[in-house]
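Every chain is numbered from 1, with letters handed out A, B, ... down the list of sequences.
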There are 4 protein chains.
Amino acid sequence: NSNFLLLAGPCAIEGEQMAMEIAEKIVAISEKLQIPYIFKGSYRKANRSRLDSFTGIGDEKALKILRKVSETFDIPTVTDIHTALEASMAAEYVDMLQIPAFLCRQTDILVAAAETGKAVNIKKGQFLSAEAMKFAVNKVRESGNDNVFLTERGSTFGYHDLIVDYRGIPEMQLNNCPIILDITHSLQQPNQSSGVTGGQPQLIETIARAGIAVGVDGIFIETHPDPANAKSDGANMLQIDLLEGLLTRLVQLRQVVKTF
Amino acid sequence: NSNFLLLAGPCAIEGEQMAMEIAEKIVAISEKLQIPYIFKGSYRKANRSRLDSFTGIGDEKALKILRKVSETFDIPTVTDIHTALEASMAAEYVDMLQIPAFLCRQTDILVAAAETGKAVNIKKGQFLSAEAMKFAVNKVRESGNDNVFLTERGSTFGYHDLIVDYRGIPEMQLNNCPIILDITHSLQQPNQSSGVTGGQPQLIETIARAGIAVGVDGIFIETHPDPANAKSDGANMLQIDLLEGLLTRLVQLRQVVKTF
Amino acid sequence: NSNFLLLAGPCAIEGEQMAMEIAEKIVAISEKLQIPYIFKGSYRKANRSRLDSFTGIGDEKALKILRKVSETFDIPTVTDIHTALEASMAAEYVDMLQIPAFLCRQTDILVAAAETGKAVNIKKGQFLSAEAMKFAVNKVRESGNDNVFLTERGSTFGYHDLIVDYRGIPEMQLNNCPIILDITHSLQQPNQSSGVTGGQPQLIETIARAGIAVGVDGIFIETHPDPANAKSDGANMLQIDLLEGLLTRLVQLRQVVKTF
Amino acid sequence: NSNFLLLAGPCAIEGEQMAMEIAEKIVAISEKLQIPYIFKGSYRKANRSRLDSFTGIGDEKALKILRKVSETFDIPTVTDIHTALEASMAAEYVDMLQIPAFLCRQTDILVAAAETGKAVNIKKGQFLSAEAMKFAVNKVRESGNDNVFLTERGSTFGYHDLIVDYRGIPEMQLNNCPIILDITHSLQQPNQSSGVTGGQPQLIETIARAGIAVGVDGIFIETHPDPANAKSDGANMLQIDLLEGLLTRLVQLRQVVKTF
């Protein structure tokens, strides 16, 4: 199968029913379109702007929901960790550990994630060049784990904007690891006065199509039945009913690109 | 025909033989691939870093070559102008006047170009947002000319780099005019210590594919039989023997995108 | 006299009475503080966002006002030009020709300005590095004019902001020419949706003090009795009644810096 | 005493003798110039680009050296922490905990630092606006600790450069907490191909003077007897023999600024 990989799910695990519903819908779409699928959900949000922002429903509770999703639908799962200590805990429940962009230079977290033996997906820091990600990859590989992924999620462009630099995709592919494009967080508009990160969900397809065209190996997307009422990142999540149309078009693009 | 438009040719008109050879090759390719084609060549270079840089072979001589190319191959031509006075002079020889990026805010040049009645292609300033280009479009339209095009050629990203922001393509399309992607100058690396702008020609296809995928209406490319010995912009021009392969792949992508 | 140089006046010459009033006030302050003073006024605005923006009261009328200011108060004057043709015209009326930032790479304008024999003040393009300004300086010098100044006015930082990079001041001083800091336009916020450039006048003193501390040779400031009703650039001009206090503090800082 | 505060010392604690020598020299200078002084030293480096970079001599060993410096010279000390768990450990040895720029959004670290009751110095993320730092300040204050400082260390400007935006100093002062300017890391040049961050030590005084002129409350500087042979950040540290001259000039500037 030469299709792209899909990492998708809600931003945060808000509860079991919601996680199962989202998973069920995406599983149906990904089977129909023959897209290899990894369910994504955060069990804790650690870097919210404000202390009163939603941070999660409890670590163990959320991790168990991730495991249940995995077992129910027979799919792998991914979650993000924020300290070295979280690595082994989360690794008991999920198949892939994701390193947040702000933390991609923290050696101890990368090494701890690597040492679990799980796949490690490192998000490129907004302040890092694509080329510099080789150092993060090497920290994982030199810790004995070659199952490493890199994810582009935009670079700092002034205080209130991010830009995806597609030149970074082939650059990061020089590391011989799969490169994922996060089409949700790449559209964030940081540093809003309100302390709530802004978004541009109408541009999701633009960002995604360009990624498939240049040859990304996977797409990361956050989706929710009702983004306006999601407990975090609502400004950027895709309304889940729009997902099949989007993925259908991306698969068509991919089929052409794979012949090049 | 729903194919994309091609603006292509050498950076500067270095001589008649060279112009005719390049035109002949591109005409053959564009006919084969059914791509509407406009021959591009600058008759004067006005903003070189250094006083000793090549600036042209003489205005009238170069403009006559542009006309000869047009008549010989029965194709339209485009050239860039740098002052209001040049507009009417160049308009006698070419079909489209191009406004350089640094000059896209100069009202008198935009108005003079508009008043020739020729098509006007405005390059987006590296320092301007896609949204702000509506003001440039309006200056042309309010001067009685609705035949206006916009061209993306990268935005300032630090001192030594440009980034193409693909979110700007649908934004500029809100102006209901064709949006061209300049896949040559978008890869410039400005402000080099040498005074010679750098380039990244190996990334031309990356930049171009992403553009076609998001729906640009045209591609602008500078090409030369021997870029290393071109008199200007050699760092970014595509070796002309690589053009057919590139365009073939872009047409295949376009065919899928047009079905969306 | 080791004080800094002052280039100040309204953005545009709106009329004789207003120009004379502003000049009179600034002359009084600059004599009191022993600051060498050059009156600044634009006789035409060429790069407004919108076609309906104010562009001037007529070239000759405005230039004659500049000459009258010069003769009345026995002070030099500066104005900006936008084409090579304007250079010799403006040079008949003023002592210094200023090259706008967007145009600082246009060789013909730099050469034409240089050939008038007048002082030439080149604004650094928002898209250029301080280092790259050596090429602009050389174009003037190689045209036989060594009376050249450079002015910092901010660098592109995202679409809607400019930042002054003070590292560029000593870098540009390597050219052995006076470096001016434009504390008005450095605070512009470009690409506003309205087509009217925004500003942050409350930060004028912050920007200015830092400049004096790092050793700039002059300060450029636009000032107006009633910025809110000025015909251009009102968002950034200093209320003229605040000028003496500001300059007094800058002179005190300068006196310390000159001892280093 | 209305002088600015000084946070200074080596990048990393490389050993006791070196720490004591540096402290002794800076104490002598700060007493002479009547500058309140806090000794700075990292006991561990957590975010080096490469796994083979120097990360420290051992946590406890380094922390004990910090305590010995404090007791010997009767001065407060500051060190940076990288996880919530490190907060209480480090708080046993030092007077101020510093939150690294990459980590300034990590709620758990800010809260843990706040709960030690020690002073908390938060470095502004390179990807954050000055305004957004209010959210970090609030996380500390809402955890019951009002002894909070903010430190500017440059903002991302393209991939390979940082710029200090002095407009951010008065903006951050709106939080009613002392604002420090880090004149060492503000000059970093990140994302070098070598994996070793570059620097511009010749610009230290430029960056520092501008900061004092706009009213920063303190200066952070890393200094070393022999920067070229330091185990980390050698590219930016000031040769310690140059420190007294620099501080002498900054104190003179400060004396003027305080009268405004």
Quiz prompt | No-hydrogen, no-angle side-chain donor-acceptor test under 3.5 Å, Asp80(B) and Gln98(B) | solution = no

Practice problem: Taking only Lys NZ, Arg NE, NH1 and NH2, and the carboxylate oxygens of Asp or Glu, determine whether Lys124(B) and Asp165(B) approach each other closer than 4.0 Å. | Solution: no

Quiz item: Side chain, backbone, both or neither: which part of Thr156(B) has an atom under 4.5 Å from a heavy atom of chain A?
Solution: backbone

Quiz item: Does the side chain of Thr151(B) come under 3.5 Å of the side chain of Asn121(B) through a donor N or O and an acceptor N or O?
Solution: yes

Exercise. Check whether Leu203(A) gets within reach of chain B through its side chain, its backbone, both or neither, counting any heavy atom under 4.5 Å.
Key: side chain

Quiz item: What are the two closest heavy atoms between Ser186(B) and Glu152(B), and how far apart are they?
Solution: OG-O, 3.9 Å

Self-check item: Side chain / backbone / both / neither for Thr259(A) at chain B, heavy atoms under 4.5 Å
Solution: side chain

Self-check item: Heavy-atom contact with chain A under 4.5 Å, split by part of Val256(B)
Solution: side chain

Practice problem: Select one option (side chain, backbone, both, neither) describing which atoms of Leu253(B) are under 4.5 Å from chain A's heavy atoms. | Solution: both

Quiz item: Given a strict heavy-atom distance threshold of 4.5 Å, which part of Leu162(B) is in contact with chain A: side chain, backbone, both, or neither?
Solution: backbone

Quiz item: Heavy-atom distance under 4.5 Å to chain A: side chain of Gln200(B), backbone, both or neither?
Solution: side chain

Practice problem: Look at the aromatic rings of Phe220(A) and His185(A) and report parallel, tilted or perpendicular, splitting at 30° and 60°. | Solution: tilted

Quiz item: Which answer fits Ile169(B), side chain, backbone, both or neither, if we ask what part of it has an atom under 4.5 Å from a heavy atom of chain A?
Solution: neither

Quiz item: What residue in Gly211(A), Ala210(A), Gly215(A) has the most heavy-atom pairs under 4.5 Å with chain B?
Solution: Ala210(A)

Quiz prompt | Side-chain heavy-atom pair Cys104(B), Leu128(B) within 4.5 angstrom cut-off | solution = yes

Exercise. Pick whichever of Glu205(A), Gln202(A), Glu171(A), Gln252(A) has the most heavy-atom pairs under 4.5 Å with chain B.
Key: Gln252(A)

Quiz item: Going by an N to O cut-off under 4.0 Å, is there a salt bridge joining Asp161(A) and Arg167(B)?
Solution: yes

